[in-house]
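Input: a single structure, listed below in C-alpha cells.
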Amino acid sequence: MYRDMLCGDLRAGHVGGNFTLSGWIFRRRDHGGVVFIDLRDTSGIVQVVFKPEEVGPEVIEAITHTGLESVIKVSGALILRGEGLTNPHMPTGEVELVVKSHVVLGRADPLPYALSDESVPEDLKLQHRFLDLRREDVMKTIHLRSDVIASIRQRMWAKGFREYQTPILTASSPEGARDFLVPSRLHPGKFYALPQAPQQFKQLLMVGGFDRYFQIAPCFRDEDARADRCPTDFYQLDLEMSFVQQDDVFAVAEDVLGGVFAEFKDWNGNGRNEKGRAVDAAPWVRIPYDTAMLDYACDKPDLRCPLKIIDVSDVWAASEFGVFKNIVSGGGHVRMIGVPKAAAQPRSWFDSIGKWAQEELGAPAAPGYISWKEGAFGGPLTKFLSEAQVREMFARAGVGEGGVIFFIAGKTPAIYKILNPLRVRLGKDCGLNEVGIFRFCWIVDFPMFERDEATGKIDFSHNPFSMPQGGLESLESQDPLSIKATQYDLVCNGYELISGGIRNHLPAAMLKAFAIAGYPPEVVKDKFRGMWKAFHMGVPPHGGCAAGLERVVMLLAESNMVREVVAFPMNQRGEDLMMGAPTVVEERQLKELHIKLR
RNA sequence: GGAGGCGUAGCUCAGUUGGUUAGAGUAUCGCCUUGUCACGGCGAGGGUCGUGGGUUCGAGUCCCAUCGCUUCCGCCA
C-alpha cells in the first residue's frame, strides 16, 4: 500500500488519525535535529516532520541526503501544529504528519533547474517537460484542457451527436497546407499523408447517412509555427451535420462553445484570472467579411476595442495635401480611426505611436493625426484642410472636442496590416478597450476566390468544399472574385476559434469551382475520388465547422503561448527535444521503405 | 526564405571607456543548526564568457561570420 490519503486533502478534522502518504520532496528545511519536508502529490502539499526521537538519527541523516524531487512514502500520525506554528498560506497549514517510517520509492538526481524557477530557457524546459508538468500552474492548465474536452463531449452527446474516428493515414490532397508524408512499405514510391483535417471523411460520413458527427480530431500540417500555432499537430472539435443551413450550425456552436466558456469563465488555475470574466450572450453578432475589412481591417477583429475604421478618401481627394491626393487618385484609400479623449495625451504618446507604427508595423510614415483641443484643431495635417472638411471628418468619426482622428493612407490590403493593430493599440492606450470579457462574432460571407498578388492566379480563398452563394449559376455567370462562399469563422477577442461552411454537395458546381481555381476535371476526379463518386450516389446537403481546441483553452487560461496548453509540445522548429524527434533512421528501415536519401 | 531580440557557473543574472585573478543569488557537496515553511549560518567545488575568425600590447566587452533559442513577416484550403 502506497497511500491511504492525499497530501492536499489533509485538514484539522483528520487529526488523531494515522496516515500513509506518497509524493515528491518539494522543499526541505533541515534544523540539524528535526527536519521538515513539504511533501507534494497531485492534490497539493502537506508538511511532514522527521523527529530524531521518533525515527532515530540514521533516518534523519538519510532523509537529509535524499535529493529534492525524490519520491518517498511516509507513515505517521497527523497532529495539529499548535499555536503560532500554523501556515495560513497553505490549505493544509494547520496540520502536519509526524513520520514514524519512510521508504524512498524513486531517488532523484540533482535537477537541471529548480521547479519554482519560471524563467528557464524554453529548450531546457522542453527537454525536461515532465519536470515542468509537476508545476502547479502547468498541471492545472493541462487539467483545464482535459476538462474542456470532457465538457465538449458531454455537450455534443446531449445534442444528439456521436463521435466517430477517421483514418490517420490518408491520401495527400493538392490544396491547403503542406502535408506530412508517410512512405508506404508495400507500395514502393507511394506515400500516405497525415490528414490536415478530417474534412473529406466527415463529409463522407454525411453521405453515409450519419446525420450528426463530431470528433476531437488530430490535425497535421507541416507549416511554420507561431506563438498561437503548433508547428506539427493540433486538435479540433470537428463537427458536421446533414440537412442544415448556416443558422443550424451557428446554433450548435453557440450552445456548445458558449456553454464551455460560461462553464470555465472563472477558472483561475494559473492565477491570471483573479476577477473572473463575462461571456458575450448568444446569438453572437454576425459581420459580413467585406464589412469587417472596412470597419476593422481584419477578418478576426477584437471587438473588445470599440473603435471603428472609417473611409475618408473623398475628403482628402478634395484637400490640398498632395501625398494623400495622389494615393487616392492612384487607387488607394485614406482610412481614419477616431479616438475620443485622446487629445489629452502628451506629445510623447503621439511620437511613440508614430515610431511603433513605422518600426513594428512597417508603416511608410508615422500616422498623421488631427486633434481637437480647447476649441482648436491641431496636428501637422490640419493646414491642408478647410475647417469644414475637418469638422466633417470628426462628425463621421462620431468624435467630439477632446478627441483625435488618425489617418492611414495607401492601398489595400497593405494598409490593413497597419490599421488593425493600430486600432487595438489606440483603444488600449486610451483605456477604451473592455477587459474581463469574451467578445464573440461570426464573420460571414467570405469570398469564394481570391487573386494571388504575386502570380495573378485565382485560387480558393478558404475551403474549396464550401458552397458558393448562388450555387452553380453564380459560378457560371459572375466575376469569380465577386462570388461569396457559404463560409464563416467564429472570432473571440481577436482569435479565430472556428472555421466552417455549408458544403458544396453538387458535383457540377464542385467541378466548376475547381476549374475556376485552375484544377482540371481529371485532377478533381482523381484527387477527391471518394467524394466525387459519393456525390453521385445520393448526397444530403450538409455543413459544419471545426473549432481550434488549443485556442479555446488558451483563451480560458489567459495564455498567449500554445505550448502552455499542450502536455508535450514541440519547439518552434517542430522538434520534440525530450524524445529527440525527428531522428535519423537506420539504412535497413529506409531500404524497406524504398527510400534513398539525397 | 526574410527581419528583430537573447546567448557569461547546472539554473537565474551582474560585469563600468577594451585593462591585471570574471562576480552574486540559487542548486550541488561538507560542517553547524530541534519549530521551520522561499528556514538560517560558515565553507568548498563548479567557467573554452554559444562557436570560429579578425582588430588590439591586451577582448566577456569592438568588428565579421556561424550556430542555438525566441518573436514577427512569408506560409497556415
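In the text below, chain A, chain B and the rest are named by the order of the sequence lines, each starting its count at 1. Below, all heavy atoms of this structure are taken into account, side chains as well, without hydrogens, waters or symmetry copies.
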- The contact string for nucleotides 4-12 of chain B, one letter per nucleotide 5' to 3', using protein heavy atoms under 4.0 Å with B, S and - for base, sugar-phosphate only and none, comes out as ------SSS
- Message: Less than 4.0 angstrom between a side-chain N/O of A/K417 and OP1 or OP2 of B/G74, yes or no?
- Response: yes
- Query: Of all of residues 9-19 of chain A, which get a heavy atom below 4.0 angstrom from RNA chain B, listed by number?
  - Reply: none
- Has A/Q572 got a side-chain N or O lying under 4.0 Å from the OP1 or OP2 atom of B/U71? yes
Name every donor-acceptor pair, under 3.5 Å, that has one atom in a side chain of residues 62-81 of chain A and the other anywhere in the protein, sequence neighbours excluded.
residue	atom	partner	partner atom	Å
A/T64	OG1	A/I60	O	2.6
A/H65	ND1	A/E61	O	2.9
A/H65	ND1	A/E61	OE2	3.4
A/T66	OG1	A/A62	O	2.9
A/E69	OE1	A/R40	NH2	3.0
A/E69	OE1	A/R134	NH1	2.8
A/E69	OE2	A/R40	NH1	3.0
A/S70	OG	A/G67	O	2.7
A/S70	OG	A/A108	N	2.8
A/K73	NZ	A/M1	O	3.0
A/S75	OG	A/T20	OG1	2.9
A/R81	NE	A/G93	O	3.3
A/R81	NE	A/V95	O	3.1
A/R81	NH1	A/L85	O	3.3

- Query: Would A/E564 and A/R272 pass as an ion pair if we require N to O under 4.0 Å?
  - Reply: yes
- Item | Any N/O donor-acceptor pair, A/D224 side-chain to B/G74 base, under 3.5 Å | yes
- Atom pair distance, as rounded to whole Å: CG in A/D30 and P in B/A38: 17 Å
- Could you measure between the two C1' atoms, the one in B/U34 and the one in B/C39, and give it in whole Å? 13 Å
- Are any of the side-chain nitrogens in A/D228 or A/R226 under 4.0 Å away from the carboxylate oxygens of its partner? no
- Item | Atom-to-atom span, CZ of A/F50 to P of B/U34 - whole angstrom | 18 Å
- Message: Once salt bridge (Lys or Arg N to Asp or Glu O under 4.0 Å) is applied, do any residues pair with A/D526, and if so which ones, sequence neighbours excluded?
- Response: A/R529
- Centres of the A/F180 and A/F220 rings: under 6.0 Å? no
- Query: Does any pair with a residue in residues 500-528 of chain A pass ring pair (Phe, Tyr, Trp, His ring centres under 6.0 Å), and if so which ones, sequence neighbours excluded?
  - Reply: A/F460-A/F514, A/F465-A/F528, A/F514-A/Y519, A/F514-A/F528
- Message: What's the gap between B/C13 and B/G7 when it is taken at their C1' atoms, as a whole Å value?
- Response: 13 Å
- Message: Can you give me the closest heavy-atom contact between A/M448 and A/A513, atom names plus distance?
- Response: CE-CB, 4.4 Å
- Taking the side chain as C-beta and beyond, is there a heavy-atom pair between A/R28 and A/F36 under 4.5 Å? no
- Can you check the A/Q127 CD to B/U70 C1' distance for me, whole Å? 15 Å
- Here the distance between atom P of B/C72 and atom CD1 of A/I418, to the nearest Å, is 19 Å
- Task: Could you tell me the separation between the CD1 atom of A/I37 and the CG atom of A/L97, rounded to the nearest 0.5 Å?
- Result: 11.5 Å
- Hey, which of these two, A/L577 or A/R551, hits RNA chain B nearer its 5' end, going by closest nucleotide? A/L577
- Contact class for A/E53 vs. all strands (heavy atom < 4.0 Å): base, sugar-phosphate, or nothing? base
- Task: Indicate whether OP1 or OP2 belonging to B/C67 is found under 4.0 Å from a side-chain N or O atom of A/R573.
- Result: no
- Message: Under the rule for side chain to side chain donor-acceptor pair (under 3.5 Å), what residues qualify as partners of A/K300, not counting sequence neighbours?
- Response: none
- Note on the structure: Here the distance between atom C1' of B/U28 and atom CD of A/E69, to the nearest Å, is 15 Å
- Rounded to the nearest Å, what distance is computed from the CZ atom of residue A/R229 to the P atom of nucleotide B/U71? 12 Å
- Would you check if A/V491 and A/L497 make a side-chain contact, meaning some heavy-atom pair closer than 4.5 Å? no
- Message: Given 3.5 Å as the limit, does a donor-acceptor pair link the side chain of A/Q469 with the main chain of A/A485, or not?
- Response: yes
- Note on the structure: Output field dot_bracket for RNA chain B (Watson-Crick or G-U, both distances under 3.5 Å, | for other-strand pairs) contains (((((((..((((.....[...)))).(((((.......))))).....(((((..]....))))))))))))....
- Write down the distance separating the P atoms in B/G54 and B/U21, rounded off to the nearest Å. 22 Å
- Message: My understanding is that only residues two or more places apart in sequence, or in another chain, count here; which of them pass side chain to side chain contact (heavy atoms under 4.5 Å, CB included) with A/P520?
- Response: A/E522, A/V523
- Task: Can you sort out the partners of A/D38 under salt bridge (Lys or Arg N to Asp or Glu O under 4.0 Å), two or more places apart, ordered by chain and number?
- Result: A/R27, A/R29
- Message: What is the separation between atom CG on A/D109 and atom P on B/A27, rounded to the nearest whole Å?
- Response: 17 Å
- Count the heavy atoms of every other residue, nucleotide or ligand shown that sit under 6.0 Å from NZ of A/K457, and state whether that count exceeds 12. yes
Give me the distances for all protein-to-nucleotides 45-50 of chain B N/O pairs that come in under 3.5 Å?
none

- Across the strands shown, which category fits A/H65 at heavy-atom distances under 4.0 angstrom: base, sugar-phosphate, nothing? sugar-phosphate
- Query: Which nucleotide in the list B/U34, B/G68, B/U70 gets nearest to the side chain of A/R563?
  - Reply: B/U70
- Please lay out, stage by stage, how A/I415 and A/K417 fare under the test side-chain contact (heavy atoms from CB on, under 4.5 Å). CA-CA 5 Å; A/I415 53 173; A/K417 288 205 173 77; over 6 Å; no
- Take A/G67 and A/R221, find for each the nucleotide of RNA chain B with the closest heavy atom, and name the residue whose nucleotide sits nearer the 5' end. A/G67
- Message: I'd like to check the ring pair (Phe, Tyr, Trp, His ring centres under 6.0 Å) partners of A/Y488; sequence neighbours left out, ordered by chain and number.
- Response: A/F250
- Query: To the nearest angstrom, how far is A/D233 atom CG from B/C76 atom C1'?
  - Reply: 14 Å
- Residue A/Q127 excluded, over 12 heavy atoms near CD under 6.0 Å: yes
Enumerate the protein-to-nucleotides 35-37 of chain B contacts in which both atoms are nitrogen or oxygen and the separation is below 3.5 Å.
residue	atom	partner	partner atom	Å
B/G35	O6	A/K51	NZ	2.6
B/G35	N1	A/E96	OE2	2.7
B/G35	N2	A/E96	OE1	2.5
B/G35	N2	A/E96	OE2	2.9
B/U36	O4'	A/H31	NE2	3.2
B/U36	O2	A/R29	NE	2.5
B/U36	O2	A/R29	NH2	3.4
B/U36	O2	A/Q47	OE1	3.4
B/U36	N3	A/Q47	OE1	2.9
B/U36	N3	A/Q47	NE2	3.0
B/U36	O4	A/Q47	NE2	2.7
B/U36	O4	A/R81	NH1	3.3
B/C37	O4'	A/R29	NE	3.0
B/C37	O2	A/Q47	OE1	3.4
B/C37	O2	A/N87	ND2	3.2
B/C37	N3	A/R81	NH1	2.6
B/C37	N4	A/R81	NH1	3.2
B/C37	N4	A/L85	O	2.4

